[in-house]
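Below: one structure in structure tokens.
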Number of protein chains: 2
Amino acid sequence: MKPRLTIRDIAREAGVSTATVSRVMNSPESVAPDTRCAVQTVIDRHGYLSHGIAMSLASSRSMSIGLVIPTIINSIYASSTQAIQGIAQAAGYTVLLGVSEFSPELEEKIIRQLLERRVDGLILTGGERKRAIYDMIEANGVPYVVTWKLLPGNAGPPSVSFDNHRGGLVAMEHLIALGHRKIGLICGRSALNDRARERRRAYEESIISCGLEVEARLIHEADFELDSGRDAMRELLGLPERPTAVFCANDVQAIGALHECEEHGLRVPADISLVGFDDLPIAKYVRPQLTTIRVPAQRMGELAATRIIEALRTGGPAASAELPIELVVRDSTAAVSTRNPRGRLIRMVQSP
Amino acid sequence: MKPRLTIRDIAREAGVSTATVSRVMNSPESVAPDTRCAVQTVIDRHGYLSHGIAMSLASSRSMSIGLVIPTIINSIYASSTQAIQGIAQAAGYTVLLGVSEFSPELEEKIIRQLLERRVDGLILTGGERKRAIYDMIEANGVPYVVTWKLLPGNAGPPSVSFDNHRGGLVAMEHLIALGHRKIGLICGRSALNDRARERRRAYEESIISCGLEVEARLIHEADFELDSGRDAMRELLGLPERPTAVFCANDVQAIGALHECEEHGLRVPADISLVGFDDLPIAKYVRPQLTTIRVPAQRMGELAATRIIEALRTGGPAASAELPIELVVRDSTAAVSTRNPRGRLIRMVQSP
DNA sequence: CTGAAAGCGCTAACAC
DNA sequence: GTGTTAGCGCTTTCAG
């Protein structure tokens, strides 16, 4: 393999100094048109590519942004990732992708690695990690932002997110307004996932503020998979007294749950109501169409990236932002019904 | 912001040379236990992170792999991406992500950028791009591999993929064996997407080898979206003589199409058969469950990453590999039926 | 507007 | 085993 061209080769051939070549590439306007043109010609002729690594070392800017997500398989994270990538790309930044698989240890390792790679900024998922990790990031002077989890106050880490807790409340209010009292919960693993935990907390608070008790057997935590949602729903339906509604804290599990209801011969929403969370594109393509909480994944990704890039420009920390969520009422929720002695359904309340 | 620690600070404090510190970090076994321990203590005390950029420049290895995909929203690409990321991560490589949005120009820009960032290897999606781009990659001595598109022969670019064309043939054979002759096609934009083009070619060849003619109005190209699949199906169903089966060259469009059939009051597969392509997890969660071609997205990602890393070790080009596809027969396909003069359906053949 | 020169922080021979 | 030293390829003052 022939040794690659360096800026010096270009400089020599164009009869200028390396500084001038550098200028032509980075601030062409500061070079006399003639010189610029001559240099550019040589560059083009050889298809010279600048050495980004050397450039980064000399300028101490890597022009890269680290992104850490728990998984990319759940398409809701794919949305925000794509948005972040798009904004970063457009601003000349490359995204270094890390996938933590919901493991705090792996996440720490990834963050360390990203910091060693000298990313200019960092976008994290969720707000829960050891204080030492935040310290490490800050000690390295790298601006960062937390997504998918709203961190209130101006003191802590900056966050660009919607409010998971509020989303949970809105979903539960909807069910409660429809008359449901026996409500199940299917959500992600709250021990590893503060988004899931917030949604669960909203569920529990809502139950309690109805004067009811939180029942452990109505709550199922599981992985973000269709099958997990289905399995959890199967458990719920096997209960002596099954819930009349289930809050599925993400659409993937909701869709799995929906199909399990069908398998059991239950009609949704006549026999049981389901509300999801995320509003994936598929949510309105299942039958019945899924009532869900719409989260601004794309918008959040765009804004997070924008805020990081801004921070890079100003030299300060990234600014926080809260994005709105929205209840999207479709066809998977209805007023509670109850079975009469013959086992046939009687609609109790009507307020779709 | 206090100036970050360098290897020299560590060396000074530990009373050794920078070379020794470097050794402790990169090949600890070559350092005397006592020294190693002393140095490590200083490193830990300060939470010193090595400067990956400087390291890369000095060692001329960036320990990064560039990945270019057209989109991350379609979860089939998310699968392979996650797999690649996992393998790379485990081997100490970071993935630099580029999303081309099906634009050749953007893709070229991204590849150039990745090359400038001095990725050690490159994983591309699809095999179609200007010869000059391949030349540029090769001129830079960067091993690469094409995924999602099988490139036959040993001469051209190495590829790790399944055979899209064969997948298309298998799907069509299935429909034809069920007696279908009037078959529609919904696929991605073949002008921008050689995977879609191969699948379309398989469709056309299959039609022709049945002694039939390829009808333009039976073919719809559109974006990878649920809505696009639905819209395309609407067109097909609006035809004076509508197809008895449709080959949807990806599951996302297939699911959109499936729901459009339902909207029209058509029963799948009694009135119309649908076969998809990809076997997304959701494919068996739609009703009827989708008959589709299973592609080894995850396996392909893993293998592509593995082959690149191998190439990095050996110094040669990456080795090609072909992965198998598989027809998964579920409930969206059945033997053809036809309308009698009254417009009512009569089942012709029976072989579910 | 352009050039000279001093690094950026680390690795990798090569000595000792 | 460990230290010395010369770069890796570029940017960036600072002169001119």
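Order of the sequence lines fixes the chain letters, A, B, ..., with proteins taken first and strands second; residue numbering starts at 1 for each chain.
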> To the nearest angstrom, how far is A/Asp9 atom CG from D/dG9 atom C1'?
Replying inline: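 After rounding, the reported distance stands at 10 Å.
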Please list, for nucleotides 6-10 of chain C, all pairs of protein and nucleotide N/O atoms separated by less than 3.5 Å.
{"from": "C/dC8", "atom 1": "O2", "to": "A/Ala58", "atom 2": "N", "distance (Å)": "3.3"}
{"from": "C/dG9", "atom 1": "N2", "to": "B/Ala54", "atom 2": "O", "distance (Å)": "3.4"}
{"from": "C/dC10", "atom 1": "OP1", "to": "B/Tyr48", "atom 2": "OH", "distance (Å)": "2.1"}
{"from": "C/dC10", "atom 1": "OP1", "to": "B/His51", "atom 2": "N", "distance (Å)": "3.3"}
{"from": "C/dC10", "atom 1": "OP2", "to": "B/Ile7", "atom 2": "N", "distance (Å)": "2.2"}

> In whole Å, what is the span from the CG atom of B/Asp120 to the P atom of D/dC8?
Replying inline: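 To the nearest whole Å, that distance equals 18 Å.
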>> Among A/Glu138, A/Arg112, A/Glu108, which residue satisfies the side-chain contact (heavy atoms from CB on, under 4.5 Å) criterion with A/Ile133?
In response: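 The single option meeting the side-chain contact (heavy atoms from CB on, under 4.5 Å) with A/Ile133 is A/Glu108.
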> Where along residues 36-47 of chain A does a heavy atom come under 4.0 Å from DNA chain D, residue by residue in number order?
Replying inline: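 Output list: empty, so none.
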>> Once rounded to the nearest 0.5 Å, what's the spacing between atom CD1 of A/Ile69 and atom CD1 of A/Ile72?
In response: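 Reported to 0.5 Å precision, the distance equals 4.5 Å.
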> Out of curiosity, A/Glu116 CD to B/Ser50 OG, how far, rounded to the nearest 0.5 Å?
Replying inline: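 Going from the CD atom of A/Glu116 to the OG atom of B/Ser50 covers 4.0 Å.
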>> Just to be sure I understand the rule, does A/Val16 reach a base, reach only the sugar-phosphate, or reach nothing, if contact means heavy atoms closer than 4.0 Å?
In response: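 The residue A/Val16 makes sugar-phosphate contact but no base contact.
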> Heavy atoms under 4.0 Å, any strand shown: does B/Thr35 hit a base, just sugar-phosphate, or nothing?
Replying inline: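 Sugar-phosphate: the residue B/Thr35, judged by heavy atoms under 4.0 Å, touches backbone atoms but no base.
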>> Under a 4.0 Å threshold between the charged nitrogen and the carboxylate oxygen, would B/Lys149 count as salt-bridged to B/Glu128?
In response: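 Salt bridge flag = no for B/Lys149 with B/Glu128.
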> So, A/Arg45 and A/Glu13, do they make that salt bridge, N to O below 4.0 Å?
Replying inline: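 Looking at A/Arg45 and A/Glu13, the cut-off is met.
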> Which part of the nucleic acid does A/Ala32 contact within heavy-atom distance under 4.0 Å: base, sugar-phosphate only, or nothing?
Replying inline: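 Contact class for A/Ala32: sugar-phosphate only.
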